[in-house]
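Below: one structure, written as structure tokens.
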Amino acid sequence: MRDALTTAPNDLQYFDHILQHLQQARGFDFSAYKRPSLMRRVLRRMQAVGTSTYEAYYDHLQLHEAEFSALFNTILINVTGFFRDPDVWEYLRTDVLPRTFAHRSPEEPFRVWSAGCASGQEAYTMLLLLAELLGPEAVRDCVKVYATDADEEALNEARLATYSDGQVEGVPPDLLEKYFDRSGTSYTIRRDLRRSVIFGRHDLLQDAPISGVDLLMCRNTLMYFNADAQERILARFFFSLNPAGHILLGRAEMLFSHPTMFTAVDLKRRLFTVARRTGHSEKLFLLAQTGREASGHAMTVESRLREAAFESDRAPQIVINADGAVVAANAPARDRFGLSTDDVGRFIGDLDVAYRPVDLKAAVEKAIQTREEVTLREVPSRIGDEPRRFTVAVTPLFDDAQTIIGARATYVDVTEVKSLQLQLQQSRQELETAYEELQTTNDELETTNEELQSTVEELETTNEELQSTNDELETMNEELQSTNEKLQAMNDELRSRSTELNSANAFLESVFASLRSALIVVDKDFRIQVWNERSADLWGVRPDEAEGTHLLDLDVGFDVPELRQSVREVINGTSDHRELTVSGNNRRGRPILCRITIGPLRRFDPTAHGAILLIDEESTPAA
């Protein structure tokens, strides 16, 4: 079979047809998943059904409706377990959860979202930790665990909350005894705790995220999505979490490229917390990433760029509307003047920034009245113990109809500029003399900078390739683990069948040994299949010597032509049953008279596959 990753281009179009077919049949869009991983999973199903090309497998899908479910379940890898990665759960138990609940009221609700929960083990693991920390009654009253997945079959298994001996191996014995009910070889989570877990089907890319979450677990799920889909999912997660909420990812997943949304708490264990929200403008920007609308208008790429430029400007800026209310303040303004997100919407006159370091309220009113920019130069201020000077520019803002809608105050730090101007005047002569040397040095520096930039880009590319390779390896590891679990289940089933077969064989042996008649079973070629103990007693031939031997090659002292003819008639179907009495000799050489009953050996059809001979010794013939 050809490798799916190197399939001819004219066959690859059928791979896209397969994905479209899945979306139409199951309503699930796999286009956001990493393509190499998808191709490996589809290839596995192709091997299972014996097709060698995507085109052939596409035809197979159209002809066999049941194959959709098999392919869907193959693509959605459900590998999970109780207390998977024990050091992560120990860190949550001993550090994160105690620290979280130390600052919470016992009656305050605590919400957990397990995204990509598969068969539910991780959601129940968190429930066990919370039950140990807070007590079962507090968990029932205050804790809600929302467990979601795209695979409905896995969710049905999770709702049962019943697991085998092998599946609960990771649960500590004391927790297993305390929170599970045992029935035979299976264990079920206590009913009173199960009520705190709500399972539901959820598409991370299409369905609305769960809000007000204190702890979000999404382990080894993001790595299956491409970069664009990861961006969209993480933006949704950002809005799901409360300001002090945490997000727990899998070993192969990182958030290096999202510092504005998440901050690392423990990088090794992949635990992150929500970064400090910087204001209404950032909220609009991130909300646009989720595909929603903010204030009735979806943010365009251009508006997002303007918001990003506003936030990244080094000069503190404050935007006030025509009514004197603060609309926005960028990050430097918030840091410099102690503003917060709660100050957005407040009247400028109620804030300290309206009067320090300058009478901003009066400047705003003047700019709005005169419709011209008001500039306040070299305003003294202090940053800590260091004296600084600012130039404050208050600029009126107009809409398309030239109506004033507000004003923008920009604080430009001119302390360094003034100092540099003095130094520039003192050094002008020296700079003119050294200009040529500086120009040469500058050219060399630019060349070096370009080389360094090229090296940095190569390193970034290499890092992305390594991260992608790591994701692929983690995915393959999940697939291998899934396959191993299936093989283990098959081995258990085979072991059970072998035990049943041995029991059946032992039962048949006991039946054969208990017969008072000699029993001989032969196949169509007269090869002996069964030779019981009574037969061995009559003619002194052990079963291991007789079985596999031609019946007529044994020296049993019978009339061979008559016996051969009777057996052949039964095997050929000429006669359904034959009885005859023949004389012969037993193992001691004494003459005996035997009644032989011959019947056909049938299996699951009326055709005879051999013959069964029952031999009873009637008497010893007269000499």
Side-chain angles (χ1 to χ4, degrees), residues 88-89 91-117 122-123 125-127 129-131 133-134 138-148 196-200 202 204 207-219 221-222 230-250 253 255 258-267 269-292 294-295 331 334 339-345:
V88 175
W89 295 104
Y91 177 61
L92 290 173
R93 184 185 71 84
T94 60
D95 187 284
V96 177
L97 291 178
R99 183 157 33 87
T100 299
F101 284 97
H103 304 289
R104 297 173 66 95
S105 170
E107 295 79 17
E108 185 177 353
F110 186 76
R111 293 158 64 89
V112 180
W113 181 11
S114 176
C117 67
E122 288 197 347
T125 299
M126 177 54 63
L127 191 67
L129 291 186
L130 293 172
L133 179 64
L134 306 176
V139 168
R140 290 193 299 269
D141 295 339
C142 303
V143 172
K144 283 296 180 185
V145 179
Y146 300 91
T148 64
S196 297
V197 184
I198 300 173
F199 290 96
H202 185 275
L204 293 177
D207 298 331
I210 297 172
S211 61
V213 174
D214 297 291
L215 176 60
L216 197 159
M217 301 183 297
C218 184
R219 308 185 67 208
T221 299
L222 290 177
Q230 289 182 12
E231 291 281 349
R232 293 158 56 195
I233 293 171
L234 287 172
R236 291 166 179 251
F237 285 172
F238 177 74
F239 282 95
S240 292
L241 287 167
N242 287 328
H246 292 83
I247 179 171
L248 181 64
L249 301 181
E253 297 164 329
L255 295 178
H258 302 83
T260 60
M261 290 191 290
F262 301 102
T263 303
V265 176
D266 190 304
L267 202 57
R269 297 178 177 90
R270 302 299 190 267
L271 181 69
F272 303 83
T273 188
V274 176
R276 180 173 62 86
R277 301 180 191 261
T278 56
H280 185 67
S281 60
E282 180 183 356
K283 183 176 181 181
L284 292 176
F285 172 60
L286 291 174
L287 191 58
Q289 289 182 303
T290 68
R292 300 180 183 177
S295 302
R334 293 193 299 271
L339 299 176
S340 68
T341 55
D342 295 335
D343 295 327
V344 175

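Remember, it's a predicted structure, so these values are computed and weren't measured experimentally.
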Any side-chain heavy-atom pair from L249 and R219 closer than 4.5 angstrom? no

Y146 versus V197: any side-chain heavy-atom pair under 4.5 Å? no

Any non-hydrogen side-chain atom of L97 less than 4.5 Å from a side-chain atom of L129? yes

If I take atom CG from residue L248 and atom CG from residue L92, how far apart are they, to the nearest 0.5 angstrom? 5.5 Å

Is the backbone of D214 close enough, under 3.5 Å, to the side chain of R111 for a donor and an acceptor to pair up by distance? no

Are the side chain of R232 and the backbone of L204 linked by a donor-acceptor contact shorter than 3.5 Å? no

Checking the side chain of R236 only, and the main-chain atoms of D207 only, is there a donor and an acceptor separated by less than 3.5 Å? yes

Minimum heavy-atom distance L241-H246, with the two atoms named: CD2-O, 3.4 Å

Are any side-chain N or O atoms of Q230 and backbone N or O atoms of L222, one a donor and one an acceptor, separated by less than 3.5 Å? yes

Any side-chain heavy atom of F237 sitting closer than 4.5 Å to one from C218? yes

Ring centres of F110 and F101 under 6.0 Å apart? yes

Would you call C117 and F199 a side-chain contact if the rule is heavy atoms closer than 4.5 Å? yes

Taking the side chain as every heavy atom from C-beta outward, state whether V112 and K144 have any atom pair closer than 4.5 Å. no

Can a donor-acceptor pair be found, under 3.5 Å and without considering hydrogens, that links the side chain of D266 to the backbone of R269? yes

Under a plain distance cut-off of 3.5 Å, with no hydrogens placed, do T148 and W113 share a side-chain donor-acceptor pair? yes

Any donor-acceptor N/O pair, T273 side chain to T263 backbone, under 3.5 Å: no

